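Following: one structure in structure tokens, then a few remarks.
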There are 2 protein chains.
Amino acid sequence: MNEPALGKGGYSGAMALGKDYATQECSIARALEVVGERWTLLVVRDALYGVRRYNDFLVHLGIPRAVLAARLQTLTEAGVLEKRPCADAPRRHEYVVTERGRALWPALRALGAWGLDTFGGTAPLRLFRHVACGTELGAAGECPACGGLVPVEDVEMLPGPGLDPEPSDPVSRALLAPRRLLQPLTTDPV
Amino acid sequence: MNEPALGKGGYSGAMALGKDYATQECSIARALEVVGERWTLLVVRDALYGVRRYNDFLVHLGIPRAVLAARLQTLTEAGVLEKRPCADAPRRHEYVVTERGRALWPALRALGAWGLDTFGGTAPLRLFRHVACGTELGAAGECPACGGLVPVEDVEMLPGPGLDPEPSDPVSRALLAPRRLLQPLTTDPV
DNA sequence: CAGGGCTGGTTCATTCATTGAACTTACTCC
DNA sequence: GGAGTAAGTTCAATGAATGAACCAGCCCTG
């Protein structure tokens, strides 16, 4: 009913009917139009964890191929990911998180923190630390010791006590080792 | 493929097939199973804004009645909302945010902040302030002056420069006035 | 240079969810 | 008794997700 004031910020991709929240004049609704579809936030999560290749997303998420292709395209058009040919192996593509995608980290972190202390019991699956000081991040992705939001690239991810130590897919296995966020994931050396 | 380790935290409602992320061993995925469906986060947002009644959600969201009923039920079963008869008018119900629902505020705030500076242009639609000191909240819902997460009930919401000053539905009109979050919304005195 | 494998998709039929309109039920007020 | 409100349910139609199968380009090997 209100005037929608659509996409002022560079993303004007026509959303398929029924996916937008036309009457909602609200930046949460704007965000959800891009990132609120099924699987989308998990794709972004994986991208922040360092996953870059189509097939890695595929096996790690267990998502239908068509849906993955659609989500990668939406995210690329929205400027959250950038698609580019892989430097060393020209037949491969990479989907790399942009600054815009990195800016989603606090939201993902907050959602994860909520999921953990709401449904997760006591054992976290992954721990996140500020590399500079080793302190574990707070629920908003901030460092309680340094007192500010930690840039994504300065976050170290470690396996928590609740994580399956022997996952079946190679991507999960690669994600068992402590690693920085955004650091490209390699599954090749099996 | 991994063992799912489902719902340890008091919510064991059977999710309809195809809504869960069965292979995802991750608290973000757990959160999204509850809160990741279409409309759900906007319902929670409205609940935090003070909306409590079925018909108010309905007119404000422009959501199909069946979907609203389903979302309210899911959220109630998940312990995010609590359904109870209205004290003064026994035929009415109220859906009130629980502590668990209030804990979603940082995530919603982070999503909204992302939506604003990604797609919103320059004019925010709503401003959020720490009541105690009047400072505008940071992107994670923290108070930059006091330096901590502001409890939801201490957040004041004000109309921003981008907000339509004459919305057509009574709920949007009631939300024009500065108000604290969680404060019950009244649309009766028209 | 034929064959096989890898990567990154597309196409398709089936199933599931969302939509909007119409209908229902219970209760109150006049 | 009739109208009105609150909070739904039911239904047919549409649209999206799923999983399996198919495809095309590139590279390596024999």
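Each chain gets a letter, A, B and so on, in the order the sequences are listed, and its residues count up from 1. Only a predicted model underlies this, so the values are computations on that prediction, with no experimental measurement involved.
- Here the side chains of B:R30 and B:V35 are not in contact, with every heavy-atom distance at 4.5 Å or above.
- The backbone N or O of B:R38 lies less than 3.5 Å from a partner atom in the side chain of B:R71, making a donor-acceptor pair.
- Distance B:R92 CZ to D:dG8 C1': 15 Å, rounded to the nearest Å.
- Atom CZ in B:R84 sits about 14 Å away from atom P in D:dA7, given to the nearest Å.
- A:L176 and A:L182 fall into different hydrophobic clusters, defined by Ile, Leu, Val, Met, Phe, Trp and Tyr side-chain heavy atoms under 4.5 Å apart, directly or through other members.
- In this structure, CD of B:E94 is placed 14 Å from C1' of D:dA7, rounded to the nearest angstrom.
- Rounded to a whole Å, the CD atom of B:E37 is 11 Å from the P atom of C:dT19.
- In the hydrophobic cluster analysis, where Ile, Leu, Val, Met, Phe, Trp and Tyr join through side-chain heavy atoms closer than 4.5 angstrom, A:Y95 is grouped together with A:L181.
- Computed from coordinates, the B:H93 NE2 to C:dT28 P distance equals 12 Å when rounded to whole Å.
- Put simply, A:Y95 has a side-chain N or O that comes within less than 4.0 Å of OP1 or OP2 on C:dG9.
- Regarding contacts with the backbone of C:dT7, every side-chain N or O of A:K83 stays at 4.0 angstrom or more from both OP1 and OP2.
- B:I63 places its CD1 atom 7 Å from the P atom of C:dT19, with the value rounded to the nearest Å.
- Checking D:dA17, C:dG8, C:dT18 against every side-chain atom of A:W39, the shortest atom distance belongs to D:dA17.
- Residue-to-nucleotide contacts include no donor-acceptor pair under 3.5 Å from the side chain of A:R53 to the base of C:dG8.
- Ranking D:dT18, D:dA6, C:dG20 by closeness to the B:P64 side chain, first place goes to C:dG20.
- Note: CG (B:L58) to P (D:dA6) measures 11 Å, nearest angstrom.
- Between the side chain of B:R65 and the base of D:dA7, a donor-acceptor pair under 3.5 Å is found.
- Proximity note for B:Y54 (side chain, C-beta onward) versus D:dG8, D:dG19, C:dT18: the nearest is D:dG8.
- Distance, A:L72 CG to C:dT10 P: 11 Å, rounded to whole Å.
- Note on B:A66: a base of the nucleic acid sits closer than 4.0 angstrom, heavy atoms only.
- Side-chain proximity of B:R38 to the nucleotides D:dA7, D:dT18, C:dT18 is greatest for C:dT18.
- The side chain of A:N55 lies closest to C:dG8, out of C:dT19, D:dA7, C:dG8.
- When heavy atoms are screened at a 4.0 angstrom cut-off, A:F57 is found touching no nucleic acid atom at all.
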Report all side-chain donor-acceptor pairs from residues 103-117 of chain A shorter than 3.5 Å, counting only partners two or more places apart or in another chain.
residue: A:R109; atom: NE; partner: A:G138; partner atom: O; Å: 3.0
residue: A:R109; atom: NH2; partner: A:L137; partner atom: O; Å: 3.2
residue: A:R109; atom: NH2; partner: A:G138; partner atom: O; Å: 3.2
residue: A:W114; atom: NE1; partner: B:R100; partner atom: O; Å: 2.8

